[in-house]
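Everything below concerns the one structure shown next.
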Amino acid sequence: MNAPIILPIEKMKEEPYANVLCYPRANETEVQTRIEELRKHGVKKLEFAGGTSVFNVPVLGKGFVGIAVIAHLNGQRVALKIRRVDADRLGLQHEASMLTKANTVNVGPKLISATTNFLLMQLIDGDLLPKWLELHKKKEPARTVLMDILEQCWRLDATGLDHGELSKAPKHVIIDAKQQPFIIDFETASINRKTANVTAICQYIFAGNSSVAHMAAETLGENNHDAIVEALRTYKHNKNRENFEHLLQICFSEKK
Ligand SMILES: Nc1ncnc2c1ncn2[C@@H]1O[C@H](COP(=O)(O)OP(=O)(O)O)[C@@H](O)[C@H]1O
Ligand SMILES: [Mg+2]
């Protein structure tokens with residue numbers, strides 16, 4: 001891997017960094033406003049590293065709302081989500097309040113602070129679920145990690161917070177070096193929708209036709225698709241612990 005690029009926030013005035021801070025296109029006033037906003041968070045340096053790149057600058061990731069990079073805050077490396085200038089969201093405060101709620105049930109990266117254009121949170125140094133599954137072909141720890149992800153989804157269901165994008169789990173679950181999975185991106189989360197966290201992720205990992213579903217089946221053994229569909233239906237109808245545990249048991253037992 002290339003050496004990380006660590007720069008003081010004043011450097012963000014210059015290209016190509018200005019366009020990263022104000023993706024996809026910077027203008028002078030917006031850059032200045034954002035540098036000031038970053039300063040108020042206590043961020044002095046940004047670190048450019050990671051598996052994605054924008055304008056040839058390495059970053060942690062990119063979505064439709066934000067660009068994630070590493071920020072240095074009080075001597076610690078944290079994750080900084082930068083609101084895209086072209087995002088169809090007025091600010092990151094909604095995401096911050098949803099992440100706060102997720103944190104109360106020990107889900108998601110820990111929130112540090114948030115303003116209109118920036119959200120600072122715990123940095124999850126690891127691999128997105130598809131890559132992680134590709135690298136971990138043994139039944140253990142795959143089983144433990146996938147079970148933990150389902151348990152986290154259960155806690156979100158139980159607290160009434162719907163993530164909203166867990167059927168797109170390839171981009172929204174990161175597993176760190178200690179094999180601890182984290183659900184990220186609470187941007188489209190809501191407390192006013194019927195929760196579908198467990199059902200969305202189960203469908204995706206165990207019952208769908210995605211590459212993740214194929215890798216999971218390869219590592220864990222072929223599952224019983226019809227029984228999973230049935231258990232999902234029962235759980236969807238009544239999201240109690242008993243139905244959840246039954247679903248877990250079905251998802252993780254091999255087809256006879
Ligand atoms: N806390 C974090 N630690 C490490 N990487 C992150 C973190 N948050 C986001 N990322 C990376 O940045 C990408 C985009 O972030 P995300 O919150 O999904 O933005 P969007 O709302 O635009 O989809 C993610 O897919 C992930 O790769
Ligand atoms: Mg996203």
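Just so you know, ligand 1 is whichever comes first in the structure, and atom 1 is the first atom listed for that ligand.
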#### Entry: Check: Phe55 ring centroid to Tyr17 ring centroid under 6.0 Å
no
#### Entry: Option from Lys239, Lys101, Arg193, Lys194 for which salt bridge (Lys or Arg N to Asp or Glu O under 4.0 Å) with Asp162 holds
Arg193
Decide whether an N or O pair under 3.5 Å exists between [X] and ligand 1.
X      : result
Pro109 : no
Gly66  : yes
Ala79  : no
Ile184 : no
Gln122 : yes

Distance from [atom] to nearest protein heavy atom, with residue and atom:
atom                    : value
atom 3 (N) of ligand 1  : Ile124 N, 3.0 Å
atom 27 (O) of ligand 1 : Leu60 O, 3.6 Å
atom 5 (N) of ligand 1  : Ile174 CD1, 3.6 Å
atom 25 (O) of ligand 1 : Lys171 O, 3.2 Å
atom 21 (O) of ligand 1 : Lys81 NZ, 2.7 Å

Please compare [options] and report which has the shortest non-hydrogen distance to [atom].
atom                    : options                       : result
atom 10 (N) of ligand 1 : Ala87, Gly108, Ala68, Gly50   : Ala68
atom 14 (C) of ligand 1 : Lys62, Met121, Arg84          : Lys62
atom 20 (P) of ligand 1 : Asp185, Val173, Leu111, Val78 : Asp185

### Query
Is a side-chain donor or acceptor of Arg155 paired with a backbone partner of Val105 at a separation under 3.5 angstrom?
yes
### Query
If only atom types and distance count, is the side chain of Asn19 paired as donor or acceptor with the main-chain N or O of Tyr23 below 3.5 Å?
no
### Task
Assign the ring pair His172 / His163 to parallel, tilted or perpendicular, where the plane angle (0 to 90°) is split at 30° and 60°.
tilted
### Message
Could you check whether any heavy atom of His172 sits closer than 4.0 Å to an atom of ligand 1, since that is the contact criterion I want to use?
### Response
yes
### Query
Is a side-chain donor-acceptor pair under 3.5 Å present for Thr195 with Asn197?
no
### Task
Tell me which N, O or S atom of Asp185 sits nearest to the Mg ion (ligand 2).
OD2
### Message
Under a 4.0 Å threshold between the charged nitrogen and the carboxylate oxygen, would Glu95 count as salt-bridged to Lys81?
### Response
yes
### Query
Which bit of Ile67 gets closer than 4.0 Å to ligand 1, counting heavy atoms only: side chain, backbone, both or neither?
neither
### Query
Got Arg39 and Glu10 here, is their nearest side-chain heavy-atom distance under 4.5 Å?
yes
### Task
Would you mind reporting whether His94 and Phe186 have side-chain heavy atoms less than 4.5 Å apart?
no
### Query
Same hydrophobic cluster for Leu46 and Ile5, using side-chain heavy-atom links shorter than 4.5 Å among ILVMFWY?
yes
